[in-house]
Amino acid sequence: MRASPAGPLSQRMSACFHFAAALDQGLKAAATTAGFDLALFDPDVRVAAAQHGDFQANGSLAYAKQAKQNPRAAAQALVAALPSETLALAKVEIAGPGFLNFTLLPSALETWLAAFPTESALRSASSATLAGQTWVVDYSSPNTAKQMHVGHLRSAVIGEAVARIVAFAGARVVRDNHIGDWGTSFGKIIWAYKHALATDRAALEAALASTPLEEFERLYKVGNTTADADPAVLEASRAELVKLQSGDPENIAIWRHIGEVSVAAFQKIYDLLGIRFDETLGESFYNDKVPAVYTEMLASGVAEESQGALVVFHDENPRYSRHAERPNPFIIRKADGAANYASTDLATILYRHTQFNADAALYVVDKRQGDHFEQLFLTAQKWFAATGRKLPRLEHLGFGTVLGEDGRPLKTRNGENIKLKDLLQEATDRARRLVDERSADIPEAERATIAEIVGVGSVQYADLSQNRSSDYTFAWEKMISLEGNTAAYLLYAVARLHSLFRKLDARPGDPAVESAASPLETAAELALARKLVQFADAQQQTIATLRPHFLCLYLYELAGTFSAFYTADKVAVEDPAIRARRLRLCARTLLVLETGLHLLGLRTLARM
RNA sequence: GCAGUUGUAGCUCAAUUGGAUAGAGCAUCUGACUACGAAUCAGAAGGUUAGGGGUUCGAUUCCCUUCAACUGCACCA
């Protein structure tokens, strides 16, 4: 890199990371110069279709409409007033009714490549977006005493990806596993446990020693079916529940045991998915924090008594109004005085506010619970307003159902839920067959690791690469497939890049190589560089929508652009300057691909 | 019954929230390994965006309507 008159340091400081944001700024400055009414003008810069350049700004059209001007004239006035910093980044053209098309100058691409050579450089450039904010991400949240099944996949995978993406953008993230560890079911489990202890102690202890969670899950089913059939057992279960809730040491010990083995079993799956929670504050944690909520809700007039229960109506919303045809209030305390889902969720919001000082709380939960969250958020809004607290941004990241190929929720042939453990194992087995077939030369132990990374990564990626709010059809063939928008395709591109650096005995980002790079020249080189600099846009879009499929799509396109480049332009050429500039492109591609895949929660491979 | 969501190529999905000629992959068809990994690449074909109407410079996107599927509706989470 040649030093500019201002010196290399200031050049680095001023290197543009997010071109769309810089163009946005430039256009706003131009609008001021041109005398636009800034209240009506939003540049609306976005990534453009390739035939229109790198970015397009549509804002002059909307502005002209509102200000009753000719859109093309407005566009011309903007272009004439663009500051020199903007013109140093891109070439501008006016097209059609008044679109502004920007094509980045090769020099701007070169500067970007030079300025962001490492993951920490990307991270610090990205971290301005959410710096200083605290975001709680509430995800996974299985029930104890039950194994995780396929229905728990999406929350875990999407939640982890969102947590990583938001953290990369500079937020302090609190990952909270809001486990279901409290409720009426524990009376039945404890009854069944004690029953098994009395009738066949040896079998119980053996089962608890080998597969504890499976055994508690079995006991729950036993308790459930027995209590359904026998009123005396139902009554006995209720009594066990009351003892548990009033702090009976024996029942508390059993309940703790259930929680411990459950969390330990969950962690094995989380390890595969790259998940580590900061907090595991389940429903039981909020048990003693609920009464204060009732008091405040009543005192502030937000809640009222109805049919013996404590409820909140939202009369301004026809769906939750007391005047609705079939009123559907938010029940925050049941008529029998017990807490429910709503009670603990309200206590949880307060805790996240006071304890973590959360600016945002994201709930990664099945979209079928949309009504619940809508009522919860409306209620919290009124409650916090009445008590003078600042409400965090509350958002339900709803997701669709995983369907089988018959279009019904995915189940085993017997109609049971597929255990998440089994699903990930099957994915690993399928990947293993492929690895054995294609890479028989790799040692056995490494093939096992590769199979796990490809198999589990395929499941994660298949989930993340679709818009989270729609249902999706689970198809093994498509998921483990090596082609198309799949984990294997991306991991293969990464493995090839590692392989290249191994073969050439080169190190990605080696300054001695990079300083020898000549300017980008071929169409494939320029296309790859253009795609690389869009990393910031992919991040921005993913954060704005909290939908990881935008990041997936970008990485897939980047891998495709790279593969095309790699076929068209040979890297290991004689000319040292050409070789150096292509190696630099390869190093950045590897960096962005791996950084992006890690943000999604996937592990990457040096060979496969 | 009321409400919500969804409907895009044969199949599985996108479309930056109103932007330009609606894009990918799979499957199909043509090509490219004496080649830095062919788990790859280049190309072709595939569409009345469920149907109809409206709003405007512009609609898959907003409004109305019909049809279809799914989901939620007082003490489960």
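Hydrogens, waters and symmetry mates are skipped; everything else that's a heavy atom, side chains included, is used.
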Practice task
Not counting sequence neighbours, list each pair that qualifies as a side chain to side chain donor-acceptor pair (under 3.5 Å) and has a residue in residues 49-78 of chain A.
Solution key: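 Counting only pairs at least two positions apart or across chains, the side chain to side chain donor-acceptor pair (under 3.5 Å) contacts touching residues 49-78 of chain A are A/D54-A/R530.
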
Handout entry: All pairs passing side chain to side chain donor-acceptor pair (under 3.5 Å) where residues 559-575 of chain A contributes a residue, at least two apart
Key =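 Matches after skipping sequence neighbours: A/T522-A/D569.
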
Identity of whatever pairs with [N] - Watson-Crick or G-U, under 3.5 angstrom:
{"N": "B/A59", "answer": "none"}
{"N": "B/G31", "answer": "B/C41"}
{"N": "B/G46", "answer": "none"}

Handout entry: Residue met sooner reading RNA chain B from 5', once A/Q56 and A/V454 are mapped to nucleotides
Key =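 Final value for this comparison: A/Q56.
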
Exercise for the section: For the residue pair A/Y472 and A/D463, confirm or rule out a side-chain donor-acceptor distance under 3.5 Å. Expected result: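 The answer is yes; a qualifying pair exists.
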
Applying side-chain contact (heavy atoms from CB on, under 4.5 Å), name anything that partners [X], two or more places apart in sequence or on another chain.
{"X": "A/Y320", "value": "A/H314, A/N317, A/N328, A/D371, A/E374, A/Q375, A/L378"}
{"X": "A/T344", "value": "A/E283, A/Y286, A/V290"}
{"X": "A/A606", "value": "A/H498, A/R502"}

How is [X] classified with respect to the nucleic acid when contacts are heavy atoms under 4.0 Å: base, sugar-phosphate, or nothing?
{"X": "A/R326", "value": "base"}
{"X": "A/S306", "value": "base"}
{"X": "A/D336", "value": "nothing"}
{"X": "A/Q307", "value": "base"}
{"X": "A/T545", "value": "base"}
{"X": "A/Q540", "value": "nothing"}
{"X": "A/R46", "value": "base"}
{"X": "A/N58", "value": "base"}

Practice task
Can you measure from OH (A/Y556) to OH (A/Y461) and round to the nearest 0.5 angstrom?
Solution key: 8.5 Å

Practice task
Please work out which residues in residues 92-104 of chain A have a non-hydrogen atom less than 4.0 Å from an atom of RNA chain B and list them by number.
Solution key: A/A95, A/F99, A/N101

Problem - Residues from residues 549-564 of chain A lying under 4.0 Å of RNA chain B - heavy atoms - result: A/H549, A/F550, A/L553, A/Y556, A/S563, A/A564

Exercise for the section: Only counting residues at least two apart or in another chain, list the ones meeting side chain to side chain donor-acceptor pair (under 3.5 Å) with A/T545. Expected result: none

Practice task
Quick one: list whatever passes side chain to side chain donor-acceptor pair (under 3.5 Å) with A/S284, sequence neighbours left out.
Solution key: A/D181

Are there any protein N/O atoms within less than 3.5 Å of an N/O atom in nucleotides 30-37 of chain B, and if so, which ones and at what distance?
unit_1 : atom_1 : unit_2 : atom_2 : d
B/C36  : O2'    : A/Y566 : OH     : 3.4
B/C36  : O2     : A/V571 : N      : 3.4
B/C36  : O2     : A/A572 : N      : 3.1
B/C36  : N3     : A/V571 : N      : 2.8
B/C36  : N4     : A/Y566 : O      : 2.4
B/C36  : N4     : A/D569 : O      : 3.0
B/G37  : OP1    : A/S499 : OG     : 3.3
B/G37  : OP2    : A/K503 : NZ     : 2.1
B/G37  : O2'    : A/Y492 : OH     : 2.4
B/G37  : O2'    : A/R496 : NE     : 2.6
B/G37  : N7     : A/S499 : OG     : 3.2
B/G37  : O6     : A/M608 : N      : 3.3
B/G37  : N1     : A/M608 : O      : 3.0

Practice task
Any pair with a residue in residues 536-552 of chain A that passes salt bridge (charged side-chain N to carboxylate O under 4.0 Å, His left out), sequence neighbours left out, goes on the list, sorted by first then second residue, please.
Solution key: none

Exercise for the section: Could you pull out all residues at least two apart from A/D24 that satisfy salt bridge (charged side-chain N to carboxylate O under 4.0 Å, His left out)? Expected result: A/K28

Problem - Polar side-chain contact A/K367-B/G72 base: donor and acceptor under 3.5 Å - result: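 For A/K367, whose side chain was compared with the base of B/G72, there is no donor-acceptor pair (under 3.5 Å).
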
Completion exercise
The glycosidic conformation of B/U71, counting syn as within 90° of 0 and anti otherwise, is anti

Practice task
For B/C11, decide between syn and anti, treating a glycosidic angle within 90° of 0 as syn.
Solution key: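 What B/C11 shows is an anti base, its glycosidic angle lying more than 90° from 0.
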
